[in-house]
Amino acid sequence: MDKLDFRFLIEYIPSLVSAAKITLKIGVLSFLIALFISVLVGTLRAYRTPKLIKIVLSVYVEVFRGTPLLIQLFFIYYGLPSFGIMMEPITAGILGLSLNCASYMSEVVRSSIMAIDSGQLEAAYTLGYSKLKAFIYIISPQAFRIALPTFMNYFSTIIKETSLVSILSIAEITRVGNQIYARTLSPFEIYISIGAIYFIMTYSIVLASKAIERRNKRWQM
C-alpha cells in the first residue's frame, strides 16, 4: 500500500463542509420529528386508548422495527409515487429516518411512562389535578428524565444512519465522499476522513449527553 497522503483533500474541504451541513440538517430534523412522533405514539400506547388505535400503532411500531431502514427508504422514495405520493429526495430521507427512529423511541417513551409509580397519579387526582394536568406536570417531566439518555443515543444513531440516504442521491457526507473517491481513486484517505467527520459529530452528542446527565443528577440531589 502506498503511503497515505491527505494533501489532495484540501481542495475538497468546501464540498465536505457543505455535505457535513446537509448531514447535520437531515439528522437534526429527523430526530426532532422522530421525538414528536415517539412521544405521541408512546403516550397513546401507555394509556387506555381505543383498541383500533392501539392496533394501528402496534402495526406501525412492529413493521418499522422489523424491516431494514434501507427498504423503508426505497419504499418511501420509489414506492409511494405508485400511489400518487411524490416527494423530494431530502424529504423522503428525513421522513424515512424519522419514522424508523420514532418506532424505537416510542417504546422508550412508553416504558418510561410506565416506570412512574401509579401512586403519584392517585396523589395528583387527590390534589384535584385532571388527567391531562397530572400527565403534564407530574408524569411527563419524570418520564423525560428517564428517557433522555436513550434519546441522546438515538440522536447519535440517526446521525450515522444518514449515510443510508446517499442512495437517494442526496449530497450528504457519504455520497460526496464516494464522488471524491470516483475522481481520485484514493479510498483510504477519503473514508478515514469521512469516518473522522462522523465521529466528531456523534462524539459531540455523546459529550452533550454526559453533560446533561451530570446536570440531571445534580438536580435530583
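FYI, the numbering just counts along the sequence from 1. Quick caveat, the model's predicted, so the values are computed rather than measured.
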**Message:** Can a donor-acceptor pair be found, under 3.5 Å and without considering hydrogens, that links the side chain of Thr202 to the backbone of Tyr198?
**Reply:** yes
**Prompt:** Are Val165 and Ile85 connected in the hydrophobic side-chain network, where two residues link if heavy atoms are under 4.5 Å apart?
**Reply:** yes
**Prompt:** Rounded to the nearest 0.5 Å, how far apart are CD1 of Ile37 and CG of Leu95?
**Reply:** 7.5 Å
**Message:** Is it true that, when you exclude Tyr137 itself, more than 12 heavy atoms of the residues, nucleotides or ligands shown sit nearer than 6.0 Å to its OH?
**Reply:** no
**Item:** Any donor-acceptor N/O pair, Glu107 side chain to Ser103 backbone, under 3.5 Å
**Value:** no
**Asked** Under the side chain to side chain contact (heavy atoms under 4.5 Å, CB included) criterion, do Gln72 and Leu99 qualify, and how do the steps go?
**Response** CA-CA 9 Å; Gln72 294 161 19; Leu99 290 173; 5.9 Å; no
In a table with atom names and distances, give each donor-acceptor pair under 3.5 Å that connects a side chain of residues 8-18 to protein atoms at least two apart or in another chain.
none

**Between CG on residue Leu69 and CZ on residue Phe74, distance to nearest 0.5 Å** = 10.5 Å
**Complete:** Correct closest heavy-atom pair for Ser166 and Thr174 would be OG-CG2, 4.2 Å
**Request:** Look at the rings of Tyr191 and Tyr181 and say which category their plane angle falls in: under 30° parallel, 30 to 60° tilted, over 60° perpendicular.
**Result:** tilted
**Message:** Under 4.5 Å between side-chain heavy atoms, counting indirect links through other Ile/Leu/Val/Met/Phe/Trp/Tyr residues: same cluster for Val28 and Ile26 or not?
**Reply:** yes
**Message:** Side chains of Ser163 and Glu172 only: does a donor on one sit below 3.5 Å from an acceptor on the other?
**Reply:** no
**Prompt:** About how many Å separate OG1 of Thr184 and CD1 of Ile190, when rounded to the nearest 0.5 Å?
**Reply:** 3.0 Å
**Where Ile22 and Ala171 come nearest, the two heavy atoms and their spacing** = CD1-O, 3.4 Å
**Request:** Indicate, with yes or no, if Tyr77 and Met86 share a hydrophobic cluster defined by side-chain heavy-atom contacts under 4.5 Å among Ile, Leu, Val, Met, Phe, Trp and Tyr.
**Result:** no
**Request:** Keeping the roles fixed (side chain from Thr23, backbone from Ile173), state whether a donor-acceptor pair exists under 3.5 Å.
**Result:** yes
**Request:** Answer yes if Tyr203 and Met152 sit in the same cluster of Ile, Leu, Val, Met, Phe, Trp and Tyr residues linked by side chain heavy atoms under 4.5 Å apart, and no otherwise.
**Result:** no
**Message:** Strictly distance-based, threshold 3.5 Å: is any side-chain N or O of Ser98 a donor or acceptor partner for the main-chain N or O of Ser30?
**Reply:** yes
**Message:** With side chain to side chain contact (heavy atoms under 4.5 Å, CB included) as the criterion, how do Ile170 and Arg175 come out once you've worked through the C-alpha distance, each side chain's angles and the decisive distance to 0.1 Å?
**Reply:** CA-CA 7 Å; Ile170 298 171; Arg175 184 169 183 81; 5.7 Å; no
**Prompt:** Between Val176 and Ala19, what is the shortest heavy-atom contact and its length?
**Reply:** CG2-CB, 3.5 Å
**Message:** For residues Val56 and Leu44: do they belong to one hydrophobic cluster (side chain heavy atoms under 4.5 Å, members Ile, Leu, Val, Met, Phe, Trp, Tyr)?
**Reply:** no
**Residues which pass ring pair (Phe, Tyr, Trp, His ring centres under 6.0 Å) with Phe36, listed by chain and number, not counting sequence neighbours** = none
**Message:** Run Phe151 and Ile212 through side chain to side chain contact (heavy atoms under 4.5 Å, CB included) and show every step you take.
**Reply:** CA-CA 12 Å; Phe151 280 169; Ile212 292 171; over 6 Å; no
**Prompt:** With a cut-off of 6.0 Å (strictly less than), are more than 12 heavy atoms of other residues, nucleotides or ligands near NZ of Lys131?
**Reply:** no
**Interatomic distance, Tyr154 atom OH to Leu35 atom CG [nearest 0.5 angstrom]** = 13.0 Å
**Prompt:** Can you tell if the side chain of Ile192 reaches within under 4.5 Å of the side chain of Leu4, non-hydrogen atoms only?
**Reply:** yes
**Item:** Asn153 and Tyr104 side chains, donor-acceptor separation under 3.5 Å
**Value:** no
**Asked** So, Ser130 side chain and Lys133 main chain: donor-acceptor pair closer than 3.5 Å or not?
**Response** yes
**Prompt:** Rounded to the nearest 0.5 Å, how far apart are CD1 of Ile159 and CG of Leu24?
**Reply:** 5.5 Å
**Prompt:** More than 12 non-hydrogen atoms from neighbouring residues, nucleotides or ligands closer than 6.0 Å to CD on Gln120, yes or no?
**Reply:** yes
**Request:** Answer yes or no: does atom CE of Met87 have more than 12 heavy-atom neighbours from other residues, nucleotides or ligands under 6.0 Å?
**Result:** yes
**Asked** About how many Å separate OG of Ser204 and CZ of Phe199, when rounded to the nearest 0.5 Å?
**Response** 9.0 Å
**Message:** Set out, in order, the CA-CA distance, both residues' side-chain angles and the distance that settles side chain to side chain contact (heavy atoms under 4.5 Å, CB included) for Phe31 and Leu97, then state yes or no.
**Reply:** CA-CA 8 Å; Phe31 176 73; Leu97 287 169; over 6 Å; no
**Asked** Which word best sums up how the rings of Phe75 and Phe83 line up, parallel for under 30°, tilted for 30 to 60°, or perpendicular for over 60°?
**Response** tilted
**Item:** Heavy-atom closest pair, residues Val108 and Ala147
**Value:** CG1-CB, 3.7 Å
**Prompt:** Mind checking whether Leu168 and Tyr78 have side chains closer than 4.5 Å, heavy atoms only?
**Reply:** yes
**Item:** No-hydrogen, no-angle side-chain donor-acceptor test under 3.5 Å, Ser58 and Arg45
**Value:** yes
**Fill in**
Correct closest heavy-atom pair for Gly96 and Ile76 would be CA-CD1, 3.5 Å
**Item:** Ring center gap for Tyr60 and Phe64 short of 6.0 angstrom
**Value:** yes
**Fill in**
For Pro141 and Phe135 the tightest heavy-atom approach is CD-O, 4.2 Å
